[in-house]
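Encoded as structure tokens, the structure appears first; notes follow it.
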Amino acid sequence: KAQVAPLSTRPPLRSVCKMPLKQGEGQPAPPRTNLVGGVRHDVELSEMAERFAKDGQISFSEAKQLWEHRADTGSSMEIQVNTLKWSMEAYKYTDKAAALMEILLKGSRPKSYFRQIDGVKYDRELLELAEKSAKDGQVSVQKAEVLWEQAMDGGKVTDIVRRTLQYALRTLKFTKPSAEYLRRMLENGSAEGQRGRIKVRWMWVRRKDSAFPAYPKVMPRKDHRFTLVLCHPLGWGGGFYLGCGALVEDFLSKSRLMRDHCKIVCPGARTYKNWKMWFRYRGKDTSGTSACHAQLVNGKDFEQACEFVIDIVKSESDLLGSTSRVAVSGYSQGGCISQAVGLSLPYPVGLVISQRGMLMKHSMDEYAARGAAQKHRQRMLLTAGGRDDVYLPANQAEAKKWLVEQGMPVTFKLFEELNHGDHNKEEMAFIRSACTRQFLKADSETKRSVQRMCSQEVVLQRAPSQLWAGQKRKRTPTAAAGSAASAATASPRASAAAGKQRRASRGSVDPSPERVGAP
């Protein structure tokens with residue numbers, strides 16, 4: 001019998017048979033990559049981001065998983081970074097998740113997620129926000145809402161987040177309404193916070209005999225008592241405010257008064273060389289300098305844009321029977337227009353708002369040239385970003401000083417962490433609170449007109465204003481009134497029934513409406 005060698009001394013079978021290894025055998029599979037817009041991305045990482053975003057957004061914990069999993073994909077660091085940057089553009093990240101991912105992509109090391117006090121772990125970021133909110137003495141309801149929104153990151157409240165809010169309530173000073181609000185939210189869990197999210201529905205309209213494009217407007221769920229006009233920034237259109245997490249969604253989900261009684265109009269600027277802009281600039285670009293307010297502008301563009309917005313304000317004021325029931329707001333270049341409109345109007349409106357806008361020298365010169373009878377005191381609200389490198393905070397503070405010298409009541413708020421293109425929940429809560437206060441004041445002091453339609457608007461695409469999140473599509477009262485009216489020709493009794501149906505469809509519209517309740 002042949003002697004068999006021990007296994008440890010036998011040569012590998014393939015070396016004896018001299019058979020070559022199959023390609024990829026005995027080594028890890030190469031990473032899967034593809035080209036997106038000429039840039040190579042990691043397929044495994046992008047598929048993981050897509051799975052996380054299926055519920056509408058990528059949460060903080062999911063962003064951490066993405067970052068930790070990138071090392072296991074086998075692709076190069078450059079491909080991993082490109083994929084993660086692409087995911088931030090392709091999918092919605094929560095504010096907390098986006099902040100974490102930006103820090104990690106910059107190569108910085110984030111702070112610990114937790115702060116340990118007396119052996120108990122708390123959410124560091126939430127606790128720091130609560131402490132910052134209490135710096136002026138106590139936490140207001142407005143700031144408590146911001147705290148809860150931060151706690152609801154990802155759509156649920158974790159045990160550590162709940163413990164952090166309870167610790168803040170014990171150790172920091174809250175106003176009585178703000179403490180009650182947070183305790184109620186903690187007792188109800190995330191259900192109440194989830195119910196606050198809605199789908200924004202709008203219809204497209206255009207002005208008769210106007211060179212400006214069609215624009216969206218959002219109708220109130222109930223009777224129309226107030227109007228908010230929003231002017232978009234340069235490069236955007238009327239839909240700028242209508243996206244997920246934008247100003248309109250925030251207003252409608254957080255304020256019953258705005259949701260039930262405020263029409264929101266988003267006029268759009270004209271297009272110049274493929275750019276949506278309210279006016280063109282002339283001469284040397286002075287943005288980012290101390291002379292940013294003195295940038296030369298195309299006077300004709302500027303005047304036409306102001307006239308267009310003023311025409312909308314006038315129509316809405318006539319519709320409501322009061323100018324104090326209308327507010328005008330704008331962002332960046334739209335803020336330049338909202339301030340110019342406020343100075344140009346021959347009557348005071350409820351509120352003029354500017355987010356990251358600039359009071360241009362052109363507007364100041366036009367105002368100074370008017371007679372005393374044509375000047376009216378407008379209530380102004382200005383917000384600025386501490387990191388704004390386009391319209392500098394110092395220039396906006398100077399604009400506030402000039403407006404005060406003209407006898408106008410001005411509220412100025414600087415958000416230190418914001419740059420020119422940023423907004424946050426605290427700023428939106430600040431603006432929402434100012435609007436609701438002014439509208440409640442206007443409702444208590446003035447009577448509302450009973451007009452139903454604006455004669456200067458042509459509806460291009462009607463969307464059901466009653467179709468909100470969580471509701472089934474159903475026949476609206478207006479549609480029922482229309483069908484009743486068509487049957488009214490059958491008999492006098494049918495005509496009377498149709499009239500009754502139309503009156504019912506108008507809801508609470510009457511010459512002496514009751515005062516709107518608290519938002």
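These values consider heavy atoms only, across backbone and side chains, with no hydrogens, waters or symmetry-generated copies. No experiment lies behind these values; they were computed from the predicted model shown.
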Does a side-chain N-to-carboxylate-O contact under 4.0 Å join [X] and [Y]?
X    : Y    : result
D443 : R325 : yes
R124 : E128 : yes
R115 : E131 : yes

Decide if atom [atom1] of [X] counts as having more than 12 heavy atoms of other residues, nucleotides or ligands within a radius under 6.0 Å.
X    : atom1 : answer
E78  : CD    : no
K361 : NZ    : no
R387 : CZ    : no

side-chain contact (heavy atoms from CB on, under 4.5 Å) between F52 and Y91, worked out:
CA-CA 9 Å; F52 287 155; Y91 307 115; over 6 Å; no

First locate atom [atom1] of [X], then atom [atom2] of [Y], and finally report the distance between them rounded to the nearest 0.5 Å.
X    : Y    : atom1 : atom2 : answer
L234 : H232 : CG    : NE2   : 9.0 Å
Y391 : S287 : OH    : OG    : 7.5 Å
C336 : W278 : SG    : CH2   : 12.0 Å
Y215 : W202 : OH    : CH2   : 16.0 Å
Y167 : L126 : OH    : CG    : 12.5 Å
M88  : E102 : CE    : CD    : 4.5 Å

Side chain of S178, backbone of V139: donor and acceptor closer than 3.5 Å?
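Looks like yes, one N/O pair under 3.5 Å.
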
Taking R225 for the side chain and H261 for the main chain, is one N or O donor matched with an acceptor at less than 3.5 Å?
no

In a table with atom names and distances, give each donor-acceptor pair under 3.5 Å that connects a side chain of residues 414-422 to protein atoms at least two apart or in another chain.
{"unit_1": "E417", "atom_1": "OE2", "unit_2": "N424", "atom_2": "ND2", "d": "2.8"}
{"unit_1": "N419", "atom_1": "OD1", "unit_2": "G421", "atom_2": "N", "d": "3.0"}
{"unit_1": "N419", "atom_1": "OD1", "unit_2": "D422", "atom_2": "N", "d": "3.0"}
{"unit_1": "N419", "atom_1": "ND2", "unit_2": "D422", "atom_2": "OD2", "d": "3.3"}
{"unit_1": "H420", "atom_1": "ND1", "unit_2": "D388", "atom_2": "OD1", "d": "3.1"}
{"unit_1": "H420", "atom_1": "ND1", "unit_2": "D388", "atom_2": "OD2", "d": "3.0"}
{"unit_1": "H420", "atom_1": "NE2", "unit_2": "S332", "atom_2": "OG", "d": "2.8"}

Side chains of [X] and [Y]: does their closest heavy-atom pair fall under 4.5 Å?
X    : Y    : value
E62  : R51  : no
P233 : F240 : yes
H293 : L359 : no

Minimum-distance pair of heavy atoms, taken over all atoms of A442 and S324
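Of all heavy-atom pairs spanning A442 and S324, the closest is CB-O, 3.4 Å.
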
Heavy-atom closest pair, residues G330 and Y241
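Looking at all heavy atoms of both residues, the shortest contact is C-OH, 3.6 Å.
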
For the residue pair T289 and T286, confirm or rule out a side-chain donor-acceptor distance under 3.5 Å.
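No - no donor-acceptor pair under 3.5 Å links their side chains.
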
Go through the side-chain N and O atoms of R259 and S255 and say whether any donor and acceptor fall under 3.5 Å apart.
no

Yes or no on side-chain contact (heavy atoms from CB on, under 4.5 Å) for L382 and Q339, after CA distance, side-chain angles and deciding distance?
CA-CA 9 Å; L382 314 178; Q339 292 182 75; 3.8 Å; yes

Exactly one candidate in H423, K425, R432 meets side chain to side chain donor-acceptor pair (under 3.5 Å) with D250; the answer is R432

Tested for side chain to side chain contact (heavy atoms under 4.5 Å, CB included) against L129, the lone hit among L147, D123, T164 is L147

Set of residues satisfying ring pair (Phe, Tyr, Trp, His ring centres under 6.0 Å) with respect to W402, sequence neighbours excluded:
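In terms of ring pair (Phe, Tyr, Trp, His ring centres under 6.0 Å), with neighbours along the sequence ignored, W402 is linked to Y367.
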
